[in-house]
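Read the structure below first, then the notes.
Computed from a predicted model, the values in this text were never measured in an experiment. For this chain, numbers begin at 1 and follow the sequence in order.
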Amino acid sequence: VYMDGSGMYGKHIEVRTAASAAVQKREGEDDEWDAVSWPVPDEIDQTSVVSEILALLMALKHMRAGLKYIIYADCMAVILGYNNSYCDLVGKGRHDGLWKQIYEAREGLDVEVRKTKAHRSRLQAVAEDDLENFEGNEAADHEAKRSANRYGHPPATCDEAESRQTAKRKGVAWTLA
């Protein structure tokens, strides 16, 4: 199972969007992937990190006890967070609520989370003899971007939002001066 998150238009607070995805290669098929994706709800931070954490939660929610799973992630925050436990939460972390849900969801499951490289070319993956993980990560990345963009905004909308934010910053700076 490969999982990924994607954030779009991150510099434009008014219109930024994010989504999570998990994919698994369809048995007996070369280029077919089963996928599940989910846009990050509006009331949650629309960031790449949140979308990565939610991708892990979503993947866990689709797993069954009695099977062994390996999840590949390209985000170290997800890998390090997964290796912690409920006891490690102190209630002050920005994403503690999400991690609590993950620790509850993994109860009774046999899951290992491994690191895979992100943002490399097919040629690099072939040279590293890691084409399978490259293709899995690319499929998860594509699905997360597709889901984030489904509810995203065109660049012109982002430019307008940036203009409004710039005007607000200038207004605040003038007021504080």
Side-chain angles (χ1 to χ4, degrees), residues 1-25 33-63 69-84 86 88-89 91-106 109 111 113-121 125 133-169:
V1 176
Y2 294 86
M3 50 140 286
D4 204 0
S6 181
M8 303 194 71
Y9 313 116
K11 293 180 181 179
H12 310 285
I13 294 170
E14 294 179 14
V15 295
R16 67 182 170 190
T17 183
S20 307
V23 300
Q24 182 175 0
K25 193 162 207 154
W33 296 86
D34 290 318
V36 60
S37 61
W38 187 48
V40 174
D42 289 338
E43 57 274 4
I44 301 177
D45 286 346
Q46 299 288 312
T47 63
S48 295
V49 172
V50 167
S51 66
E52 297 270 0
I53 295 170
L54 284 173
L56 176 60
L57 178 61
M58 184 177 55
L60 291 171
K61 294 282 191 176
H62 283 82
M63 295 179 175
Y69 297 94
I70 298 173
I71 298 175
Y72 291 91
D74 63 12
C75 176
M76 280 307 293
V78 165
I79 294 163
L80 295 173
Y82 186 81
N83 290 328
N84 288 333
Y86 185 76
D88 295 318
L89 295 176
K92 295 180 182 178
R94 186 173 183 182
H95 306 118
D96 280 1
L98 295 174
W99 286 112
K100 180 180 183 289
Q101 292 178 62
I102 286 170
Y103 301 147
E104 291 168 352
R106 73 180 183 189
L109 296 176
V111 179
V113 178
R114 295 183 184 171
K115 174 79 169 109
T116 188
K117 289 185 179 180
H119 311 295
R120 59 183 169 158
S121 69
N133 286 329
F134 169 80
E135 289 175 346
N137 192 61
E138 284 291 301
D141 185 56
H142 175 77
E143 183 63 24
K145 281 181 174 33
R146 186 190 64 75
S147 186
N149 202 34
R150 180 183 309 155
Y151 303 102
H153 304 277
T157 303
C158 294
D159 291 341
E160 292 168 15
E162 181 64 22
S163 295
R164 286 191 297 276
Q165 286 179 334
T166 301
K168 286 178 187 176
R169 283 193 293 270

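- Dense packing is recorded around NE2 of His95, with more than 12 heavy atoms of other residues, nucleotides or ligands lying under 6.0 Å away.
- Asn84 meets the side chain to side chain donor-acceptor pair (under 3.5 Å) test with no other residue; sequence neighbours excluded.
- To the nearest 0.5 Å, the span separating CE on Met3 from CG on Asp74 amounts to 7.0 Å.
- Without hydrogens or angle criteria, Arg146 side chain to Ser37 main chain gives no donor-acceptor distance under 3.5 Å.
- Residues satisfying the side chain to side chain donor-acceptor pair (under 3.5 Å) criterion with Glu104, sequence neighbours excluded, are Lys100.
- Atoms OH and NE2, from Tyr69 and His62 in turn, are 11.0 Å apart once rounded to the nearest 0.5 Å.
- Applying the side chain to side chain donor-acceptor pair (under 3.5 Å) criterion to Glu138, with sequence neighbours excluded, gives no partner residue.
- Looking at Ile79 and Lys115, their side chains come closer than 4.5 Å, going by heavy atoms from C-beta outward.
- Annotation: the span from Trp99 atom CH2 to Asp96 atom CG amounts to 10.0 Å, rounded to 0.5 Å.
- No side-chain heavy atom of His142 sits under 4.5 Å from any side-chain heavy atom of Trp33.
- Legend: residues meeting salt bridge (charged side-chain N to carboxylate O under 4.0 Å, His left out) with Asp141, ordered by chain and number and at least two apart, are Lys145.
- Trp38 is not listed as a side-chain neighbour of Leu57, based on a closest heavy-atom distance of 4.5 Å or more.
- Side-chain contact between Met63 and Val1 is present, with at least one heavy-atom pair separated by less than 4.5 Å.
- For the pair Ser6 (side chain) and Ala19 (backbone), a donor-acceptor distance under 3.5 Å is absent.
- Here the CD1-OG1 distance, from Ile71 to Thr116, works out to 13.5 Å after rounding to the nearest 0.5 Å.
- The heavy-atom pair separating Val23 from Gly136 by the smallest distance is CG2-O, 3.8 Å.
- Remark: Lys61 pairs with no residue by the side chain to side chain donor-acceptor pair (under 3.5 Å) rule, at least two apart or across chains.
- Under the ring pair (Phe, Tyr, Trp, His ring centres under 6.0 Å) criterion, Tyr72 pairs with Tyr2, not counting sequence neighbours.
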